Protein chains: 2
Amino acid sequence: MIDIARLAGVSPMTVSRAFKADGTVSEAAQAAVMKAAEDLGYVFDSTASALRSQRSDFVAVTIPSINNANFADTVRGLSDGLRARGLQILLGYTDYDVQAEETLIAQLLRRRPEAMVVTGGTHTDRSRALLDKAAIPVIEIWDLPDRPIGHVVGFSNAAAMGTLVDHLVAQGRRRIAFIGGDAARDTRGTDRRRGFVAAMQRHGLDTTRLIDAGPPPISMAEGAAAMADLLARLPDTDAVVCVSDLSAFGALTECQRQGVDVPGRVAIAGFGDYEIAAICVPPLTTINPFPRRIGSDAASLILQALDGTLSQPATIHIAPELLTRASSSGA
Amino acid sequence: MIDIARLAGVSPMTVSRAFKADGTVSEAAQAAVMKAAEDLGYVFDSTASALRSQRSDFVAVTIPSINNANFADTVRGLSDGLRARGLQILLGYTDYDVQAEETLIAQLLRRRPEAMVVTGGTHTDRSRALLDKAAIPVIEIWDLPDRPIGHVVGFSNAAAMGTLVDHLVAQGRRRIAFIGGDAARDTRGTDRRRGFVAAMQRHGLDTTRLIDAGPPPISMAEGAAAMADLLARLPDTDAVVCVSDLSAFGALTECQRQGVDVPGRVAIAGFGDYEIAAICVPPLTTINPFPRRIGSDAASLILQALDGTLSQPATIHIAPELLTRASSSGA
DNA sequence: GTGAAAGCGCTAACAG
DNA sequence: CTGTTAGCGCTTTCAC
């Protein structure tokens with residue numbers, strides 16, 4: 001920067017101001033600086049800037065898996081919402097493990113992010129302590145935590161699953177099964193299972209058709225295997241709800257392989273409104289939790305929090321939408 | 001850090017050494033420092049460390065889309081391979097646009113990454129200049145660039161597509177169509193199309209059945225629309241190759257909706273070996289380009305380059321695997 | 001094994 | 001609108 005200052009015939013401070021582009025530099029100086037920078041192949045050093053100004057321009061984000069279209073959409077919503085303010089996303093994934101999340105949070109905080117977005121509302125005590133200490137805006141997303149750390153953009157996974165069960169019952173289904181993952185790890189999946197059981201009880205129906213397909217994420221293949229298990233052990237099942245569209249699609253393919261009519265003999269519903277749900281044959285009934293929106297709303301909260309426009313911890317409730325499609329038509 | 005030094009009764013330098021954990025600190029001092037840090041809720045500041053040591057511990061990575069299972073797998077391979085050395089990934093996506101890539105590269109370089117991984121071998125002149133100037137290891141992935149910037153981990157998309165065509169021809173297919181995206185943007189897709197045309201010519205077959213499904217990424221729905229178009233305009237088509245499994249699956253669903261037998265009347269093949277290809281009914285013939293492997297090999301190259309073990313620019317050839325499945329059985 | 005001094009490249013704060 | 005001074009929180013370097 002000193003070199004540029006020399007070449008442009010100004011002080012380093014003017015160079016700094018020129019790069020901030022806040023219009024506080026004369027046009028002549030601005031042009032001279034930019035030309036000198038171009039000639040010297042100068043690349044601004046954000047590290048030094050971050051250290052001195054105590055503004056890293058980072059927003060740290062943790063998601064359970066990078067290989068998931070729902071979370072990817074959320075990250076896009078976040079990224080697009082933050083880019084205008086020059087904020088960059090520092091992304092990490094937890095593999096659906098709160099211990100891994102703790103390690104990740106500790107690692108990310110070392111970079112001095114200006115805000116932190118974490119997926120889900122279940123964290124280790126140490127994670128909570130780290131986030132508290134960090135004294136930066138924290139947004140929990142994709143859930144409605146019992147004990148929020150800071151701000152929240154989410155919805156009740158249990159309630160959303162309940163609307164799905166209500167729909168199936170309204171369609172005349174009674175012997176409804178749930179295919180989901182290992183309760184210990186996937187907290188959102190567990191919430192959905194709890195919502196399933198609660199809704200079934202509300203309707204006075206049997207809640208024992210619960211298939212545990214293993215640790216999250218539940219793949220299409222695991223959904224298919226679970227469906228095969230279900231068809232073998234509980235062949236009178238007339239509807240299946242899956243923890244996600246991906247496992248639901250797997251279940252659907254298993255029915256296709258076995259010649260089981262969907263929705264004639266078994267209705268199938270998923271969760272997440274993944275691309276596949278709309279296009280497979282028959283298309284899948286599902287819940288759209290508006291993943292992109294979760295991200296863009298979180299971005300708005302962050303911008304407000306950084307502006308100081310947000311005095312109270314805020315909770316933005318996303319209203320998931322039930323999408324009824326052919327996979328769950330009347331019995 | 002000064003506070004910790006005081007509390008632990010040592011100098012700041014010893015605190016620094018304790019955090020580096022290189023075993024050059026006495027056990028007593030190490031323990032005292034860790035205890036003091038814990039008590040004070042100290043979080044190490046990577047920004048200051050990066051500035052002084054000129055080591056950011058960042059590896060910057062650009063991918064076309066964050067919402068793509070293939071690239072997500074590559075990022076996981078990279079991430080897992082780099083984590084052991086304490087290197088963190090700084091991820092950005094380009095939306096399949098070389099101009100956006102240029103902006104992104106400029107932005108990422110400001111963070112002083114120690115290496116840069118870029119997807120594809122087509123870049124703007126300015127991107128190339130920026131990467132040259134940066135004087136850090138550069139790895140291009142998912143392609144075999146004509147004019148590599150630095151190291152490469154990739155394969156020939158054209159050649160891989162050729163093997164797919166060869167397979168279809170061997171199965172007795174002759175009137176083969178290609179469904180792909182806008183040539184201007186998706187360079188890998190364009191390479192695949194070129195490979196398709198070259199292989200068809202090699203077999204002396206008609207190369208005019210090319211459907212342009214719009215700008216990448218080509219969605220399942222766009223694959224379905226393209227298939228509908230094809231069935232309407234060129235109903236004697238006996239095989240379809242798609243630029244990815246996702247569009248291929250869309251095409252398959254369109255056949256299901258129209259009662260077109262796959263592979264009886266039309267064979268379908270995709271590219272990428274996405275999860276869906278293995279499980280849909282019928283499963284899709286495809287190419288596995290080993291996305292995870294691309295990432296882990298790139299990570300290895302980076303570690304070698306940073307160690308100085310790599311004097312020459314290296315190219316690691318990935319050998320994509322043809323997976324023949326029921327969607328392309330004999331006519 | 002430990003400490004003192006200096007400085008990484010930028011910008012806050014103040015002055016003009 | 002521009003410049004000067006000082007310092008962000010670490011680590012390099014050198015000394016002991």
Side-chain angles (χ1 to χ4, degrees), chain A residues 1-34 36-37 40-58 86 88 106-114 133-136, chain B residues 1-34 36-37 40-58 86 88 106-114 133-136:
Chain A
M1 202 175 240
I2 292 174
D3 297 340
I4 295 173
R6 200 173 352 233
L7 190 59
V10 295
S11 76
M13 200 51 230
T14 300
V15 177
S16 174
R17 285 195 263 254
F19 270 95
K20 209 162 57 181
D22 58 356
T24 178
V25 174
S26 73
E27 270 186 41
Q30 177 81 31
V33 167
M34 287 314 168
L40 293 178
Y42 167 77
V43 175
F44 182 89
D45 189 330
S46 298
T47 305
S49 170
L51 177 59
R52 174 65 244 228
S53 66
Q54 301 292 69
R55 302 189 359 95
S56 64
D57 289 341
F58 273 137
Q88 213 169 117
Q107 180 112 25
L108 291 170
L109 287 177
R110 290 175 152 220
R111 302 284 181 181
R112 295 292 185 271
E114 300 187 32
K133 267 265 157 90
I136 54 175
Chain B
M1 202 176 240
I2 291 174
D3 297 340
I4 295 173
R6 199 171 354 232
L7 190 60
V10 295
S11 76
M13 202 49 237
T14 300
V15 178
S16 173
R17 286 195 262 255
F19 271 94
K20 207 161 59 182
D22 58 356
T24 177
V25 175
S26 73
E27 270 187 40
Q30 177 79 32
V33 167
M34 288 312 169
L40 294 178
Y42 168 77
V43 176
F44 182 90
D45 189 330
S46 297
T47 305
S49 171
L51 176 59
R52 175 64 244 227
S53 66
Q54 302 292 72
R55 301 188 359 95
S56 64
D57 290 341
F58 273 136
Q88 214 170 115
Q107 180 113 24
L108 292 170
L109 287 176
R110 291 174 153 221
R111 301 284 181 183
R112 295 291 184 271
E114 299 187 33
K133 267 261 155 96
I136 54 175

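Chain identifiers are assigned alphabetically (A, B, ...) following the order of the sequence lines, protein sequences preceding nucleic acid strands; residue numbering begins at 1 within each chain. Please read these numbers as outputs of a predicted model, since none were measured by experiment.
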- The residue, A:A50 or B:S53, whose nearest nucleotide of DNA chain C is more 5′ is B:S53
- Query: Out of curiosity, B:Q88 CD to A:R110 CZ, how far, rounded to the nearest 0.5 Å?
  - Reply: 9.5 Å
- Please report the closest heavy-atom contact between B:M1 and B:Y42, naming both atoms and the distance. CE-OH, 3.6 Å
- Query: On DNA chain C, which is the earliest and which the latest nucleotide, 5' to 3', with an atom closer than 4.0 Å to a heavy atom of chain B?
  - Reply: C:dG1 to C:dG9
- How many Å lie between CG on B:D45 and C1' on D:dT11, as a whole number? 12 Å
- Task: Let me know the distance between CD1 of A:I2 and C1' of D:dT4, rounded to the nearest Å.
- Result: 13 Å
- Task: Looking only at non-hydrogen atoms, find the nearest pair between A:D22 and A:R17 and report the distance.
- Result: OD1-O, 3.8 Å
- Quick one: CG on B:D57 to CZ on B:R112, what's the gap to the nearest 0.5 Å? 15.0 Å
- Grab the CE-C1' distance between B:M1 and D:dC8 for me, whole Å please. 14 Å
- Message: Nearest 0.5 Å, please: how far is CD1 in B:I136 from OG in B:S56?
- Response: 8.5 Å
- Message: Short of 4.0 Å, heavy atom to strand atom, which residues of residues 4-29 of chain B count as contacting DNA chain D?
- Response: B:M13, B:S16, B:K20
- Task: Check for a donor-acceptor pair, side chain of B:T14 on one end and backbone N or O of B:V10 on the other, with a separation under 3.5 Å.
- Result: no
- Using only side-chain N and O atoms of A:Q54, determine if any of them is under 4.0 Å from OP1 or OP2 of D:dG9. yes
- Over all heavy atoms of both residues, which pair between B:P12 and B:I2 is shortest? Give the atoms and the distance, please. CG-CG1, 4.2 Å
- Return yes if some donor-acceptor pair links the side-chain N/O of B:Q30 with the main-chain N/O of B:A18 below 3.5 Å, else return no. yes
